[in-house]
J.: 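Next up is a structure, given as structure tokens.
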Amino acid sequence: MLDGSLFLDCGTDLGSGRHVPGNPALRQGKPGCGVGAGYGIRFKSPFGHFQIDYAINAFQQKTVYFGITNLAS
């Protein structure tokens, strides 16, 4: 069985990042809010579930994720 997916992810620290001791968000170059989007393919086989996702964030950084599980159903 082959499935596809689309996803959108949004997040914020609600302005609390600067209140964390050492301000790790600023040190790591994190803006405190962001958005990402992507798509993926899932394949279910008798040997397990396989998935590949492609994502891009607000900084135009692209990432490919792979996943394998042995929970065949």
Side-chain angles (χ1 to χ4, degrees):
M1 177 181 210
L2 186 65
D3 291 324
S5 65
L6 296 173
F7 54 88
L8 177 67
D9 182 37
C10 304
T12 180
D13 65 5
L14 300 173
S16 65
R18 66 179 188 273
H19 301 296
V20 177
N23 200 350
L26 180 64
R27 284 197 333 254
Q28 298 290 327
K30 305 293 181 184
C33 63
V35 64
Y39 57 89
I41 297 173
R42 278 95 170 115
F43 177 68
K44 295 178 183 177
S45 78
F47 305 106
H49 296 182
F50 304 91
Q51 73 180 51
I52 300 173
D53 292 327
Y54 175 79
I56 185 167
N57 68 13
F59 298 116
Q60 303 300 310
Q61 296 171 320
K62 300 169 180 96
T63 307
V64 176
Y65 298 96
F66 297 96
I68 301 172
T69 62
N70 60 357
L71 302 173
S73 58

J.: Please round to the nearest 0.5 Å and tell me the distance separating atom NZ of Lys44 and atom NE2 of His49.
T.: 5.5 Å
J.: Please give me the minimum heavy-atom distance between Phe7 and Tyr39, naming the atom from each residue.
T.: CE2-N, 3.6 Å
J.: Under the ring pair (Phe, Tyr, Trp, His ring centres under 6.0 Å) test, which residues partner Phe43, sequence neighbours left out?
T.: none
J.: What is the minimum heavy-atom distance between Asp53 and Gly40, and which atoms define it?
T.: OD1-CA, 3.2 Å
J.: With clusters defined by side-chain heavy atoms of hydrophobic residues (ILVMFWY) lying less than 4.5 Å apart, directly or transitively, does Ile68 cluster with Ile41?
T.: yes
J.: Do you know the tightest heavy-atom contact between Gly17 and Asn23?
T.: O-OD1, 3.4 Å
J.: Which atom names give the shortest non-hydrogen contact between Ser45 and Phe50, and what distance separates them?
T.: OG-CE1, 3.5 Å
J.: Rounded to the nearest 0.5 Å, what's the gap from CZ on Phe47 to CG on Asn70? Could you check?
T.: 13.0 Å
J.: Could you tell me whether a side-chain N or O of Arg27 sits under 3.5 Å from a main-chain N or O of Gly22, the two making a donor and an acceptor?
T.: yes
J.: Using the rule that Ile, Leu, Val, Met, Phe, Trp and Tyr join whenever any side-chain heavy atoms are under 4.5 Å apart, tell me whether Phe59 and Leu26 fall into a single cluster.
T.: no
J.: Is there a path of hydrophobic side-chain contacts, each under 4.5 Å between heavy atoms, that joins Tyr65 and Tyr54?
T.: no
J.: What pair of heavy atoms forms the shortest contact from Leu8 to Gly36, and how long is it?
T.: CD1-O, 3.2 Å
